[in-house]
Amino acid sequence: MSVEKNNDWPQLIASAQQGYHNAYAPYSKFQVGAAAMTEQGTIVSGCNVENASYGLTVCAERNCIAQAVIQGQQTFSSMVVYTEQEKLTPPCGACRQVIAEFFAPEAQVMAVNHLDNRKVWTVAELLPDAFTPKNLLEQ
Ligand code: THU
């Protein structure tokens with residue numbers, strides 16, 4: 001789907017913004033919100049959740065996907081990552097791997113900020129030649 005043809009962006013951005021406000025980021029102060037559109041047409045959101053044992057921090061994207069899986073949703077068409085940083089926030093490497101598990105390579109991921117600056121990637125652009133469940137099924 002072309003970026004312009006995805007009519008879900010406004011709703012996804014609003015949900016990612018809501019997620020952002022729930023972020024638990026007392027250490028980095030770097031709040032992140034994420035929202036994903038499920039195959040069934042419902043939106044699930046998430047935020048980053050940090051921990052005093054810093055390495056246990058979980059990013060907004062992974063919490064968003066886990067939240068959807070808990071609700072029984074495992075297929076997604078697009079995702080938005082919202083921050084209030086001038087520099088847009090792309091998904092980190094760990095999140096790219098988890099996104100590649102559940103999103104088709106042509107699914108779109110948007111980074112957007114409070115200034116409405118936007119950047120859209122396909123999942124394949126974020127993680128080319130990803131190792132996915134397909135690799136295991138080919139055994
Ligand atoms: N973070 C996310 O939630 N998503 C990203 O894609 C980048 C980083 C979080 C993790 C941590 O709580 C804070 O941002 C600073 O790294």
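Start at 1 and go down the list; that is how both ligands and their atoms are numbered. For the numbers below, each heavy atom of this structure counts, side chains included, while hydrogens, waters and symmetry mates do not.
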Could you work out, for atom 4 (N) of ligand 1, the closest of Glu61, Arg96, Arg62 by heavy-atom distance?
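It is Glu61 that holds the nearest heavy atom.
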Would you indicate which of Pro90, Pro26, Cys59, Cys92 comes nearest to atom 2 (C) of ligand 1 when only heavy atoms are counted?
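The nearest heavy atom belongs to Cys59.
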With a 4.0 Å cut-off on heavy atoms, is Ala25 touching ligand 1?
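No, that is not the case, since the closest heavy atom of the residue is not under 4.0 Å from the ligand.
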For [atom], what's the nearest protein heavy atom and its distance?
{"atom": "atom 9 (C) of ligand 1", "value": "Asn48 ND2, 3.6 Å"}
{"atom": "atom 16 (O) of ligand 1", "value": "Phe30 CD2, 4.8 Å"}
{"atom": "atom 12 (O) of ligand 1", "value": "Glu50 OE2, 2.5 Å"}
{"atom": "atom 7 (C) of ligand 1", "value": "Thr89 CG2, 4.0 Å"}

Donor-acceptor pair, side chain of [X] and main chain of [Y], under 3.5 angstrom:
{"X": "Glu84", "Y": "His114", "answer": "no"}
{"X": "Arg96", "Y": "Leu126", "answer": "yes"}
{"X": "Glu125", "Y": "Thr122", "answer": "yes"}
{"X": "Thr42", "Y": "Thr38", "answer": "no"}
{"X": "Asn48", "Y": "Gln31", "answer": "no"}
{"X": "Asn63", "Y": "Ala60", "answer": "no"}

For the 3.5 Å polar cut-off, considering only N or O atoms, please tell me whether Ala60 and ligand 1 meet it.
yes
What are the atoms of ligand 1, with element, lying closer than 4.0 Å to any heavy atom of [X]?
{"X": "Pro91", "result": "6 (O)"}
{"X": "Ser28", "result": "13 (C), 15 (C)"}
{"X": "Thr57", "result": "10 (C), 11 (C), 12 (O)"}

Quick check on Asp116: does its CG atom have over 12 non-hydrogen neighbours (other residues, nucleotides or ligands) under 6.0 Å away?
yes
Rounded to the nearest 0.5 Å, what's the gap from CE on Met79 to CD1 on Ile65? Could you check?
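It comes to 4.0 Å.
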